[in-house]
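Scroll down for the structure; my scribbles are underneath it.
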Amino acid sequence: MATAGALLASHGIHGWSVEQVAAGAGCAKGLVHYHFGTRAALLTAVVDEMARGRMARRSAALAPGGTAALDALWAVMRDDASTGVSRAWLEAGLDGSAGIRHVMAPSDTELQQFAAASSAAMELPNLPPRRAATLLLLLDALEAALVRGAPGTEVREAYDRVWLGMM
């Protein structure tokens, strides 16, 4: 899965193949098909793992609390944008597959954890999961701006305004 995720981040959805995954993993293409069945099933599994990793990194970044948490979360977003993870994430969302869209959506537990981490980091009252989902969408939009090449200083200003609005 790590090889498939790295290839997806570096080549994007349309430049990514089962053959590349098999070669990168040092196994036969048939073995990949045996475990996942189709390219679509493999892609869904990779995007699911990517989704869980993104949520875990974002929630963990908020652990220090205060401005350190905001700086840490910004660093996670900037790193994801620079390594291709964000581009792959955006492409997966545009892919249109219901299976992919389903695994991209945070679970109720993940939303509750992110809401709790956000609330604790900014010393806010308990953030409802629905508001946490909105916050995640805003963060995704800011990452998309970074991927499109928007100046980092402008995106960071917008990021800071999002958090000010949460207070």
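Treat the numbers as computed from the prediction; the structure is a model and nothing was measured.
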Are the side chain of Arg39 and the backbone N or O of Trp16 linked by a donor-acceptor pair below 3.5 Å?
-> yes
Nearest heavy-atom approach of Ser59 to Ala117 is O-CB, 4.0 Å
Heavy-atom nearest pair, Ala88 first then Ala9, reads CB-CA, 4.0 Å
Is any NZ, NE, NH1 or NH2 atom of the basic residue among Arg57 and Asp80 found under 4.0 Å from an Asp or Glu carboxylate oxygen of the other?
yes
Does the side chain of Ser118 come within less than 4.5 Å of Leu135's, by heavy atoms? yes
Treat each ILVMFWY residue as a node, draw an edge where side-chain heavy atoms are under 4.5 Å apart, and state whether Leu42 and Met50 are in one component. yes
- Query: Has the side chain of Thr3 got a donor or acceptor atom that lies under 3.5 Å from a matching backbone atom of Val21?
  - Reply: no
Next on the checklist: Is any side-chain heavy atom of Val46 closer than 4.5 Å to one of Leu7?
Outcome noted: no
Exercise for review: Would you check if the side chain of Tyr159 reaches a backbone N or O of Leu70 as a donor-acceptor pair within less than 3.5 Å?
Suggested key: yes
Between Leu127 and Ser119 the two heavy atoms that sit nearest each other are N-OG, 2.8 Å
Rounded to the nearest 0.5 Å, the CG atom of Leu146 sits from the CD atom of Glu154 at a distance of 11.0 Å
Under a 3.5 Å distance rule, please check whether Thr134 uses its side chain to pair with a backbone N or O of Arg130 as donor and acceptor. yes
- Single-linkage hydrophobic cluster, 4.5 Å side-chain cutoff, Val162 and Leu62 together: yes
Separation between OG1 (Thr44) and CZ (Phe36), nearest 0.5 Å, reads 10.5 Å
Is the shortest heavy-atom distance from the side chain of Leu138 to the side chain of Trp163 under 4.5 Å? no
Note: Pro129 and Gln112 closest approach over all heavy atoms is CG-CG, 4.1 Å
* Asked: Any donor and acceptor pair, going by atom type alone, linking the side chain of Ser82 with main-chain N or O of Asp79 inside 3.5 Å?
  -> yes
ask   = Is Arg58 reaching over with its side chain to a backbone N or O of Arg54, donor-acceptor style, under 3.5 angstrom?
value = no
Is there a path of hydrophobic side-chain contacts, each under 4.5 Å between heavy atoms, that joins Val76 and Phe114?
no
- Would you find a donor on one side and an acceptor on the other, under 3.5 Å apart, between the side chain of Arg156 and the backbone of Pro151? no
For the hydrophobic clusters of this structure (ILVMFWY residues joined by side-chain heavy atoms under 4.5 Å, transitively), does one cluster hold both Met55 and Leu73?
yes
Item to check | In one Ile/Leu/Val/Met/Phe/Trp/Tyr side-chain cluster, 4.5 Å: Leu164, Leu136 | outcome: yes
Here the pair of heavy atoms bringing Met104 nearest to Ala51 is CA-CB, 4.3 Å
request  = Assess whether side chain to side chain contact (heavy atoms under 4.5 Å, CB included) is satisfied between Leu139 and Glu143, documenting all intermediate values.
outcome  = CA-CA 6 Å; Leu139 296 176; Glu143 264 186 48; 5.7 Å; no
The residue among Val147, Asp140, Val85 that forms side-chain contact (heavy atoms from CB on, under 4.5 Å) with Leu90 is Val147
Scanning both residues in full, the closest heavy-atom pair of Ala81 with Ser86 reads N-OG, 3.2 Å
